[in-house]
Amino acid sequence: MKRVLLLAVLIALAMPVSATWWPTVSPRAIRVAVGETTSVTATAWWSGLTDYGGGINWRFVTPDPDIAKVDTTMTTSGSREVAITGVAPGQTYILYIRNGSLNPSGLADITVYCGDEPAVKPAEALVETKLGDEVTLQAMSSIADRSTFVWYAGELGDTSRAIPFGGTTLTFTPETSGVHHYWVMATTPCSASSTAFEVNVRPLKRRAVR
């Protein structure tokens with residue numbers, strides 16, 4: 001009986017030293033589309049009987065921010081939501097940093113997949129202007145923030161005359177009159193689409209000489 005009591009006392013004395021706070025997350029497997037955001041619930045779990053100090057100071061991260069973004073801090077016990085945003089298709093997982101030190105244990109697996117993505121469209125496919133006036137062509141896309149745009153002069157599909165510019169708009173001043181064609185390709189890690197523009201440039205009217 002004395003041995004059992006002594007063992008219980010030793011365990012109780014050792015517990016404050018070995019016990020600590022641990023995070024658990026639910027669910028342990030997450031699927032999220034590129035460009036979408038989901039979340040898991042992180043819960044603080046104490047492995048002993050009494051918290052003798054140290055508390056909670058966690059930052060949830062992923063080793064592959066090019067696949068998924070996870071950046072949430074937790075400093076109090078209980079539960080909180082950890083946001084996960086898909087960046088590019090692939091597999092990664094959630095880690096956590098405790099008091100500045102990276103814990104190598106993975107808390108949850110993340111699968112990022114390609115969802116349906118809308119095609120790029122022209123704000124105005126046919127533009128009428130006159131020689132000397134500035135023209136702006138605009139590509140419309142609800143996923144422009146995660147798209148790369150490449151503009152070309154010429155018919156749709158002609159990549160021989162790339163324009164050194166990247167963005168949703170192309171602004172220029174036509175140097176000659178007539179009908180000019182331009183197009184833009186929008187790409188993401190999951191899709192590629194294009195749209196065409198036609199610019200009709202009217203010549204300047206000459207004043208009659210009397």
Side-chain angles (χ1 to χ4, degrees), residues 6-120 139-150 165-168 185-193:
L6 178 60
L7 181 60
V9 171
L10 291 175
I11 293 174
L13 290 174
M15 192 169 293
V17 177
S18 60
T20 186
W21 285 100
W22 294 95
T24 60
V25 298
S26 179
R28 295 292 303 275
I30 305 102
R31 282 178 53 84
V32 59
V34 172
E36 301 294 326
T37 298
T38 187
S39 65
V40 296
T41 302
T43 304
W45 174 69
W46 176 249
S47 61
L49 298 177
T50 306
D51 183 1
Y52 286 86
I56 300 167
N57 185 8
W58 301 328
R59 186 163 68 90
F60 299 95
V61 298
T62 172
D64 303 296
D66 291 335
I67 295 177
K69 291 182 179 179
V70 180
D71 194 355
T72 304
T73 59
M74 186 172 181
T75 57
T76 60
S77 60
S79 300
R80 71 162 303 171
E81 294 300 300
V82 177
I84 303 165
T85 301
V87 178
Q91 301 279 337
T92 187
Y93 52 97
I94 298 177
L95 296 172
Y96 72 102
I97 298 173
R98 180 193 309 200
N99 297 319
S101 298
L102 180 65
N103 191 298
S105 300
L107 298 177
D109 295 323
I110 302 172
T111 300
V112 181
Y113 64 94
C114 290
D116 294 332
E117 295 189 337
V120 64
M140 304 292 291
S141 173
S142 60
I143 56 173
D145 59 332
R146 53 188 175 87
S147 300
T148 299
F149 297 87
V150 181
F165 175 84
T168 57
M185 176 173 287
T187 59
T188 74
C190 292
S191 66
S193 63

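Each residue takes its place number in the sequence, starting with 1.
With sequence neighbours excluded, the residues satisfying salt bridge (Lys or Arg N to Asp or Glu O under 4.0 Å) with Asp71 are Arg59. Residues meeting the side chain to side chain contact (heavy atoms under 4.5 Å, CB included) test with Ser142, sequence neighbours left out: Pro118. With sequence neighbours excluded, the residues satisfying side-chain hydrogen bond (donor to acceptor under 3.5 Å, both in side chains) with Asn103 are Tyr96, Ser105. Applying the salt bridge (Lys or Arg N to Asp or Glu O under 4.0 Å) criterion to Arg146, with sequence neighbours excluded, gives Glu117.
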Discussion item. I'd like to know whether Val25 forms a side chain to side chain contact (heavy atoms under 4.5 Å, CB included) with Val82, so could you lay out the CA-CA distance, the side-chain angles of the two residues, the decisive distance to 0.1 Å, and finally the verdict.
Written reply: CA-CA 9 Å; Val25 298; Val82 177; 5.6 Å; no
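In this structure, Leu95 and Pro104 have side chains that are not in contact, with every pair of non-hydrogen atoms separated by 4.5 Å or more. Side-chain contact between Ile97 and Leu102 is present, with at least one heavy-atom pair separated by less than 4.5 Å. Within the 4.5 Å cutoff, the side chain of Val34 has heavy atoms near those of the Val112 side chain. In this structure the side chain of Val40 never reaches within 4.5 angstrom of the side chain of Leu107, judged on heavy atoms. Side-chain atoms of Tyr93 and Asp109, non-hydrogen and from C-beta on, do get closer than 4.5 Å to each other. Within the 4.5 Å cutoff, side-chain heavy atoms of Asn57 are placed close to those of Thr75. In this structure, the side chains of Ser77 and Trp46 stay at 4.5 Å or more apart for every pair of heavy atoms. Taking the side chain as every heavy atom from C-beta outward, Ile94 and Ile84 approach each other to under 4.5 Å.
Nearest approach of Ile67 to Gln91, heavy atoms of both residues: CD1-O, 3.6 Å. Contact record, Thr62 with Ala68: CG2-O, 2.7 Å, taken as the closest heavy-atom pair. The minimum heavy-atom distance between Ala144 and Thr168, with the atom names listed, is CB-CG2, 3.8 Å. When all heavy atoms are compared, the tightest approach of Phe149 to Ala186 is CE2-CB, 3.6 Å. What you find for Gly115 and Ala33 is that their closest heavy atoms are N-CB, 4.3 Å. Looking at every heavy atom in both residues, Pro189 comes nearest to Val87 through CG-O, 4.1 Å.
For Ser193 (side chain) and Val120 (main-chain N/O), a donor-acceptor pair under 3.5 Å exists by modelled atom type.
Annotation: Asp145, atom CG; neighbour count of heavy atoms from other residues, nucleotides and ligands within 6.0 Å is above 12.
Taking OG1 of Thr73 as the reference point, atom CD1 of Ile56 lies at 11.5 Å (rounded to 0.5 Å).
Within the structure, the side chain to side chain donor-acceptor pair (under 3.5 Å) test picks out the following pairs touching residues 29-38 (sequence neighbours left out): Thr37-Thr85. Listed by first then second residue, pairs satisfying salt bridge (Lys or Arg N to Asp or Glu O under 4.0 Å) with a partner in residues 72-98 number zero, not counting sequence neighbours.
Side-chain polar atoms of Ser79 and Thr43 form a donor-acceptor pair below 3.5 angstrom.
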